[in-house]
*Asks:* 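Structure below; questions to follow.
All values below were derived from every heavy atom in this structure, side-chain atoms included, with hydrogens, water molecules and symmetry-related copies excluded. Quantities reported herein were computed from a predicted structural model and do not represent experimental measurements.
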Amino acid sequence: MDNQEVNISDVRGDVVGTGASGIVAKEIHGNVIQVVINSEDLARQLGEINKVPADVKQKQSAGIEGNKVSQDSELLRETISELLEVIRSSNRKGNKVDEIQAGELHLSQVDLLLKKAILLKSEADQMYFEQLDKSARKDSSSPVQEYGTAGLDLDKVLTDFDDKAYLNKLREAYGLLKEAIDIDPANTEVLLHMAQLLIELTPDDPTDEQKLLYRVQNLLNNPKDDAERFRLAQATFLLATTGNHLHKGMLKDARRMFKKLGRNEWVRQCDDLLGKGKQTMGAAPQQQVFEPIGQWSILVSDFVGSTMNVTFHANGYFEAIQQTGMYGASVQAAGQWAFIPAQRMLQLQGMINGFQPFFMGILIQYQQENVFYGVGTDGYSYTLQKN
C-alpha cells in the first residue's frame, strides 16, 4: 500500500459521484469505484490518507518515530468523508461497491472508516495539549511560555476544558468503527481499536471492552498468519490486565504466544507481571503513583527493538532521543508532555528533528519497583525505567 501511486488522469464511463473539492468518481467493474483526481493537492491528500497507520507492519518502528501525525488531519477527514459519500451515493443508486481506486491506490470502505476514526482519536488527544498550552500562556508565573506546563494543577488547568467536544470526537470515532464492523463483522483490527477506545470512554467499566476482546479471541481461534497471531496475543494480554484483577492464566497464554512470535519485550512484560510476589490470582493490582519528572529509559516492543531516552522537565517540556534497533538511525524530539492521572495516560506531543510533528500516548498499567509497564496508543508494549 505504501508504494502505491495516485495518478491524476481521466477515466471513461458514467459519473457516479462528485465532491466539492474536485473528486470525480466513475464506476468501473465489480465493487470498485475509480476516482479521478484533478489536482496535485488532492493527489497528495490521498497519499497522506494511505499513510495513516491503521495497523503496524513488520519492521516498522513504534515510539516517537512510529507516531508521526499529519498536520492536515481535519482536511484529510473531510476528504475521507467525500470518498465515503461517493461510495454511499453509488450504493443508493443500486450498486454494491465497497472500494475506492485512484491510480494504483486501493482503499476499502472499512479502511476509510478506520482511518477517519484514528484521525479523530488523535485530534481528541491533542486537545489536552492545546488546553495545557492555553493555560500556560495565561499563567504569568509559568516559567515556560512556549510549551505550556504539566507542573500546573490539572484540575485547575482543565477547568474550562471542552469535555463535550473531546468526548464527541471519541464518540464519533467509535461510531465510525461500529459502522466499519457492521460492514465487516469479523475484522479483528477494527475490534481491537474499538476496545482501546472504550478504555478511554468508559474507564470505570472494563466489561464493554472485555466483550470485544473475547470476540477477537473467538474470531482468531485459528490464526492464519503472524499478524493474526500477534493480534490474538494482544487481545489475550489486554483481557488479562484490563479491569480490577490480574488474570494469571490468560497472562501465561499471552506470554506463550508472544514467545512463539519472538516478541521478547512482550514476553518480558508478562514475566514481570507474573513474577510480582505480592500479587496472586484474583488480587487487585497495586496502583502506585506515576511521577514522570526526571530521566527515563524506555524499551518499545516493536519489530526493530526501539529504545528511547527521555527527560521530562517539571515545566512540561521534554527532550527525547530514539534509537531504532542496535544499528538503526536515531531521531531527536522535543515538545510538551502531560500525565492524566484519572486515565493513567502519559501523553507526548512535539516535533521530530525540528520539523516532523508527532503525538503518542502510553496507558500506564502496572509498576514493579522503579519500572512501569504500559500499552501505547499504537498497540505496542512500553517498559519505562527511571534512571
*Asks:* For S90 versus I33, what's the shortest heavy-atom pair and its separation?
*Replies:* CB-CD1, 3.5 Å

*Asks:* State plainly whether the residues E85 and R92 are in salt-bridge range, i.e. N to O under 4.0 Å.
*Replies:* yes

*Asks:* At their closest point, which heavy atom of G361 faces which heavy atom of F359, and how far apart are they?
*Replies:* N-CE2, 4.4 Å

*Asks:* Taking all heavy atoms of E291 and all of K386, pick out the closest pair and write down the distance.
*Replies:* O-NZ, 2.9 Å

*Asks:* Grouping I, L, V, M, F, W and Y whenever their side-chain heavy atoms are under 4.5 Å apart, do I183 and M194 come out in a common cluster?
*Replies:* yes

*Asks:* Which heavy-atom pair separates F237 from C270 by the least distance, and what is that distance?
*Replies:* CD1-SG, 3.9 Å

*Asks:* Would you say that V300 contacts T307 through its side chain, given a criterion of any heavy-atom pair below 4.5 Å between the two side chains?
*Replies:* no

*Asks:* Does a side-chain N-to-carboxylate-O contact under 4.0 Å join R229 and D226?
*Replies:* yes

*Asks:* Under a single-linkage rule joining Ile, Leu, Val, Met, Phe, Trp and Tyr whose side-chain heavy atoms are separated by less than 4.5 Å, which residues share a cluster with L363?
*Replies:* I199, M345

*Asks:* Are F312 and I321 linked, directly or through other ILVMFWY residues, by side chains that come within less than 4.5 angstrom of each other?
*Replies:* no

*Asks:* Judged by atom type as modelled, is there a donor-acceptor pair below 3.5 Å linking the side chain of T236 to the main-chain atoms of L232?
*Replies:* yes

*Asks:* Measuring from T202:OG1 to E209:CD, what's the distance to the nearest 0.5 Å?
*Replies:* 5.0 Å

*Asks:* Enter the distance from T188:OG1 to I181:CD1 here, rounded to the nearest 0.5 Å.
*Replies:* 8.0 Å

*Asks:* Do F372 and I362 pass the side chain to side chain contact (heavy atoms under 4.5 Å, CB included) test, and can you show the C-alpha distance, the side-chain angles, and the key distance before you say yes or no?
*Replies:* CA-CA 11 Å; F372 288 82; I362 302 174; over 6 Å; no

*Asks:* So, do Q332 and E319 sit near enough that their side-chain heavy atoms are less than 4.5 Å apart?
*Replies:* no

*Asks:* Compare all side-chain heavy atoms of M308 with those of W296 and state whether any distance is below 4.5 angstrom.
*Replies:* no

*Asks:* Under a 4.5 Å cut-off applied to non-hydrogen side-chain atoms, are Q217 and L213 in contact?
*Replies:* no

*Asks:* Just how far is it from atom CG of L112 to atom CG of L83, taken to the nearest 0.5 Å?
*Replies:* 5.5 Å

*Asks:* Side chains of K116 and E172: does their closest heavy-atom pair fall under 4.5 Å?
*Replies:* yes

*Asks:* With sequence neighbours excluded, tell me which residues meet side chain to side chain donor-acceptor pair (under 3.5 Å) with K121.
*Replies:* D125, E200

*Asks:* Can the ring centres of W337 and F318 be said to be less than 6.0 Å apart?
*Replies:* no

*Asks:* For D184 and V190, what are the C-alpha separation, side-chain angles and deciding distance, and is it a side chain to side chain contact (heavy atoms under 4.5 Å, CB included)?
*Replies:* CA-CA 9 Å; D184 185 4; V190 173; over 6 Å; no

*Asks:* Can you name the residues that form a side chain to side chain donor-acceptor pair (under 3.5 Å) with N168, not counting sequence neighbours?
*Replies:* none

*Asks:* Quick check on the hydrophobic clustering: are L198 and L167 connected, directly or via other members, by side-chain heavy-atom contacts under 4.5 Å?
*Replies:* yes

*Asks:* Would you sort out whether L191 and L219 count as a side chain to side chain contact (heavy atoms under 4.5 Å, CB included), showing the intermediate values?
*Replies:* CA-CA 10 Å; L191 287 169; L219 288 168; 3.5 Å; yes

*Asks:* L170 and L197: which non-hydrogen atoms are nearest, and at how many Å?
*Replies:* O-CD2, 3.5 Å

*Asks:* Using ring pair (Phe, Tyr, Trp, His ring centres under 6.0 Å) as the criterion, list what pairs up with F258, not counting sequence neighbours.
*Replies:* W266

*Asks:* At what distance, to the nearest 0.5 angstrom, does CZ of R77 lie from CD of Q45?
*Replies:* 13.0 Å

*Asks:* Within a strict 4.5 Å, meaning less than it, do heavy atoms of the L346 and Y382 side chains meet?
*Replies:* no

*Asks:* Partners of E78 by salt bridge (Lys or Arg N to Asp or Glu O under 4.0 Å), sequence neighbours excluded?
*Replies:* none

*Asks:* Given 3.5 Å as the limit, does a donor-acceptor pair link the side chain of Q210 with the main chain of T242, or not?
*Replies:* yes

*Asks:* Do the side chains of N309 and I298 get nearer than 4.5 Å, heavy atoms only?
*Replies:* no

*Asks:* Applying salt bridge (Lys or Arg N to Asp or Glu O under 4.0 Å), name anything that partners R215, two or more places apart in sequence or on another chain.
*Replies:* none

*Asks:* Which value, rounded to the nearest 0.5 Å, describes the distance between L113 atom CG and H193 atom NE2?
*Replies:* 12.5 Å

*Asks:* Could you state the interatomic distance from CG (L239) to NE2 (H247), rounded to the nearest 0.5 Å?
*Replies:* 9.0 Å

*Asks:* May I ask whether L75 and I80 are part of the same hydrophobic cluster, defined by side-chain heavy atoms of I, L, V, M, F, W, Y residues being less than 4.5 angstrom apart, directly or through others?
*Replies:* no

*Asks:* Before giving the answer on side chain to side chain contact (heavy atoms under 4.5 Å, CB included), spell out for R344 and Q365 the whole-Å C-alpha distance, their side-chain angles and the decisive distance to 0.1 Å.
*Replies:* CA-CA 8 Å; R344 294 182 64 81; Q365 295 188 311; over 6 Å; no

*Asks:* Would you call L114 and L177 a side-chain contact if the rule is heavy atoms closer than 4.5 Å?
*Replies:* yes

*Asks:* When clusters are formed by joining ILVMFWY residues with side-chain heavy atoms under 4.5 Å apart, either directly or through shared neighbours, do F230 and Y214 land in the same one?
*Replies:* yes

*Asks:* What are the two closest non-hydrogen atoms of S73 and E123, and how far apart are they?
*Replies:* OG-OE2, 2.5 Å

*Asks:* Identify which one of N91, N95, D98 satisfies the side chain to side chain donor-acceptor pair (under 3.5 Å) criterion when paired with N31.
*Replies:* D98

